[in-house]
There are 2 protein chains.
Amino acid sequence: MATIQDVAKAAGVSAMTVSNVINDHPHVRPATRQRVLEAMARLDYRVNVAARNLRKGRTGTIGLAVPEVNRPYYGRLAAALITAADRHGLRVSIEQTGARRENELAALSLSRNRLYDGLILATVGMGPADVGSLEVDHPVVILGERIFGGPVDHVAMPNVAAAAAATRHLIERGCRRIALLCGELRDEVDVSSLRHAGYRQALEAAGLPLDPELVLSVPSLTMDAAARRARALAADGPAFDGVFCVTDTVAMGALRGLADAGVRVPGQVKVIGFDNVDESAFLVPSLSTVDPDHDLMAERAVALLVARMGHEGRPAHQEEFVSTFSLVIRESTGR
Amino acid sequence: MATIQDVAKAAGVSAMTVSNVINDHPHVRPATRQRVLEAMARLDYRVNVAARNLRKGRTGTIGLAVPEVNRPYYGRLAAALITAADRHGLRVSIEQTGARRENELAALSLSRNRLYDGLILATVGMGPADVGSLEVDHPVVILGERIFGGPVDHVAMPNVAAAAAATRHLIERGCRRIALLCGELRDEVDVSSLRHAGYRQALEAAGLPLDPELVLSVPSLTMDAAARRARALAADGPAFDGVFCVTDTVAMGALRGLADAGVRVPGQVKVIGFDNVDESAFLVPSLSTVDPDHDLMAERAVALLVARMGHEGRPAHQEEFVSTFSLVIRESTGR
DNA sequence: GCGAGCTTTTTTATCGATACAAAGGATCTC
DNA sequence: GAGATCCTTTGTATCGATAAAAAAGCTCGC
């Protein structure tokens with residue numbers, strides 16, 4: 001494969017001039033540029049990215065660590081991030097952490113190998129105790145959960161406010177005994193805990209009692225676990241007339257479980273999710289949900305990372321971006 | 001950040017010895033190895049991947065070009081591929097082609113920049129006319145569609161056979177007027193055309209007539225287009241009692257469209273899809289479908305690519321792997 | 001005690017591109 | 001026409017790691 005030297009020789013110039021042409025430096029005479037371009041085309045020259053990276057100290061690639069690209073929400077996010085990164089001329093390399101803390105920590109040290117110029121990390125397994133691990137010497141943006149005050153930028157959903165809005169919507173539709181279908185409430189900053197907080201706020205504001213029997217934790221936020229739990233609730237749980245599911249994936253499972261139990265949605269029970277994944281609009285019944293504006297979040301996450309990549313030194317303090325949200329009302333809450 | 005030279009100095013050895021330790025070469029005295037490891041730890045040394053890549057001529061990263069990671073089938077595939085690549089110590093960088101021919105061709109030339117050691121390409125937009133573009137000097141594996149005889153390895157689904165099996169299943173369940181919901185039939189090797197062929201085969205084998213009015217092309221294989229088309233069919237199309245959808249995504253749209261039109265599934269019409277995405281099991285009604293064993297396909301695709309990456313020279317002839325499949329019978333065909 | 005045949009370590013050159021500084025031309029001013 | 005100034009081009013050194021070959025240390029057996 002042709003190198004920059006080969007092109008230089010073929011065009012009768014120095015390697016440096018070829019480099020100048022490639023990088024669009026000013027001060028290259030048009031005639032020379034032309035000759036170089038022709039030589040490049042003739043030899044089918046491609047820049048060797050490894051060499052450029054070595055010299056420039058950057059790789060042009062950012063890392064994205066998510067639990068699994070196959071989960072609808074993370075797939076959506078990954079797609080948006082790849083698109084956003086592309087606008088900055090950056091490629092995205094994906095690590096799957098399986099939502100496990102140790103893999104999330106490993107992703108942090110991978111980019112220290114200079115594999116990536118920066119890392120976007122969707123933390124699920126890490127908790128406040130791991131803040132120290134974020135003290136790394138390369139740009140990191142934490143995505144998707146609320147802040148636990150580390151030394152890095154964050155892009156977060158308005159978890160509490162949006163969860164409260166979703167719950168309030170159920171109340172406005174007449175629900176009085178609203179179940180919460182969530183994951184384990186481990187610490188104060190995971191998705192389930194934050195949305196749980198919003199749920200409580202809304203109940204309180206409406207003067208409704210919080211029945212602990214209606215707070216249903218499933219071991220993992222999967223459709224299967226949610227379906228099981230919903231069936232159990234309908235079979236021998238307390239009475240309920242609404243369910244707020246912490247994710248659309250959980251809601252899909254719940255809808256299935258309720259159908260198995262012969263519960264009519266929205267007739268007997270109303271259901272609302274969170275994420276607005278593509279499938280939600282096409283379920284039967286279609287799923288009401290919270291739309292957190294994924295594209296905006298992706299956009300901001302990449303923008304923050306790029307800003308960090310610019311400065312070598314770490315900016316004075318970290319930025320925090322909380323996305324907007326909107327409620328999408330569909331059949332499952334009785335459109 | 002510390003370099004290999006710094007470590008060498010700190011440990012009182014040459015850079016080469018440090019390199020030998022890093023790469024687990026034999027013939028390093030245990031005491032020396034120990035000293036080097038300690039120096040590495042003390043200086044928090046990380047290998048500079050760019051430098052290694054330049055020297056070795058490989059990047060440790062493979063490219064994956066798919067239409068969009070957010071589409072359930074490609075998300076599933078991407079997840080499986082990332083996992084499979086990880087087992088070989090390879091990272092995966094994702095390009096989204098939007099199913100557009102020019103972007104698929106661009107992905108081919110990207111890896112010629114030596115960004116990737118090889119490329120896995122899910123072709124959707126490219127056709128037989130583009131075979132010439134596959135003549136590149138780095139490993140490529142084409143994934144997911146049938147072969148159009150290019151100079152590269154292929155991993156394919158058993159599209160025709162599986163589509164025939166799906167159609168046959170509908171026939172066995174008593175359907176006599178089976179619609180096909182597919183994309184545009186452009187050439188002979190795209191997903192829609194191949195599955196259309198299987199559909200025809202099954203009808204013919206069963207002695208059923210092929211009614212062209214029941215072959216429904218939608219402009220894109222999305223839920224939205226499918227839902228629209230299904231509604232139209234129910235509203236003022238010919239009578240039908242079964243639908244074979246070329247993908248599960250299309251089937252989800254169709255289920256929604258039929259529900260809108262008040263058509264009962266599986267009571268009045270039975271529906272079967274293709275892909276067995278995660279959501280299919282949880283729809284109401286749950287969706288019968290074809291399971292093409294994604295993990296096996298991913299496994300083989302990476303294995304083929306790795307084999308090519310080993311040899312520098314191109315092996316004598318290209319390999320072709322056709323995955324197995326199984327039918328998953330659920331409610332939508334009246335389990 | 002000496003060389004054969006190991007194991008262990010170092011030296012040297014290189015992968016391909018680019019930063020930097022400096023040199024070679026052209027143009028302009030007075 | 002000389003010098004200043006700008007535009008254009010070119011050496012040279014370097015990014016950090018590793019391949020290949022050479023050199024230095026050991027361990028034997030005879």
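Once you apply a 4.0 Å limit to the heavy atoms of chain B, the touched nucleotides of DNA chain D run 5' to 3' over dG16(D) to dA20(D).
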Evaluation steps, side chain to side chain contact (heavy atoms under 4.5 Å, CB included), between Ile94(B) and Val92(A): CA-CA 6 Å; Ile94(B) 296 187; Val92(A) 176; over 6 Å; no
Verify side chain to side chain contact (heavy atoms under 4.5 Å, CB included) between Val47(B) and Ile4(B), making sure each step is shown before the conclusion. CA-CA 7 Å; Val47(B) 359; Ile4(B) 203 171; over 6 Å; no
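For the pair Leu54(B) CG and dA17(C) C1', the interatomic distance rounds to 8 Å; values are reported in whole Å. Per the geometry, CZ belonging to Arg58(A) stands 11 Å off P belonging to dT18(C), to the nearest Å.
Partners of Glu38(B) under the salt bridge (charged side-chain N to carboxylate O under 4.0 Å, His left out) rule, at least two apart in sequence or in another chain, do not exist in this structure. Residues satisfying the salt bridge (charged side-chain N to carboxylate O under 4.0 Å, His left out) test with Arg55(B), not counting sequence neighbours, are none. With sequence neighbours excluded, the residues satisfying side chain to side chain donor-acceptor pair (under 3.5 Å) with Ser14(B) are Thr17(B). Partners of Arg46(B) under the salt bridge (charged side-chain N to carboxylate O under 4.0 Å, His left out) rule, at least two apart in sequence or in another chain, are Asp44(B).
Summary for the helix from dG1(C)-dC30(D) to dC30(C)-dG1(D): the axes at its two ends, each from 5 pairs, differ by 50° when rounded to the nearest 10 degrees.
A residue-by-residue look at Ala15(B) and Arg55(B) shows that Ala15(B) has its nearest nucleotide of DNA chain C further toward the 5' end.
Here Glu319(B) pairs with Arg300(B) in a salt bridge; the nearest charged N to carboxylate O distance falls below 4.0 Å. With salt bridges taken as basic N to acidic carboxylate O contacts below 4.0 Å, one links Glu299(A) and Arg87(A).
A distance-only check finds a donor-acceptor pair linking the side chain of Asn48(A) to the backbone of Ala50(A) [under 3.5 Å].
For the pair Pro72(A) and Asn70(B), the tightest heavy-atom approach, listed with the atom from each and the gap, is O-OD1, 3.9 Å.
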Between protein and nucleotides 20-27 of chain C, what N or O pairs are separated by less than 3.5 Å?
none

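Near-neighbour residues of DNA chain C inside residues 3-14 of chain B, defined by a heavy atom below 4.0 Å, number-ordered: Val13(B), Ser14(B). Residues from residues 20-51 of chain A lying near DNA chain C, meaning a heavy-atom separation below 4.0 Å, are Asn23(A), Tyr45(A), Arg46(A), Val47(A), Asn48(A), Ala51(A) in numerical order.
Among residues at least two apart or in separate chains, salt bridge (charged side-chain N to carboxylate O under 4.0 Å, His left out) pairs with a member in residues 62-78 of chain B are Glu68(B)-Arg71(B), Arg76(B)-Asp278(B). Under the salt bridge (charged side-chain N to carboxylate O under 4.0 Å, His left out) criterion, the residue pairs touching residues 25-37 of chain A are Asp24(A)-Arg33(A), with sequence neighbours excluded.
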For residues 102-110 of chain A, run the donor-acceptor check on the side chains, cut-off 3.5 Å, and write out each pair with its distance to 0.1 Å, sequence neighbours left out.
residue   : atom : partner   : partner atom : Å
Glu102(A) : OE2  : Arg100(A) : NE           : 3.2
Glu102(A) : OE2  : Arg100(A) : NH2          : 2.7
Asn103(A) : ND2  : Thr97(A)  : O            : 2.9
Glu104(A) : OE1  : Val124(A) : N            : 3.4
Glu104(A) : OE1  : Gly125(A) : N            : 3.1
Glu104(A) : OE1  : Met126(A) : N            : 2.8
Glu104(A) : OE2  : Val124(A) : N            : 2.9
Glu104(A) : OE2  : Gly125(A) : N            : 2.9
Ser109(A) : OG   : Ala106(A) : O            : 3.2

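Checked by atom type, the side-chain pair Asp117(A)/Thr59(A) shows a donor-acceptor distance below 3.5 Å.
Aromatic pair His138(A)/Tyr116(A): centroids not less than 6.0 angstrom apart.
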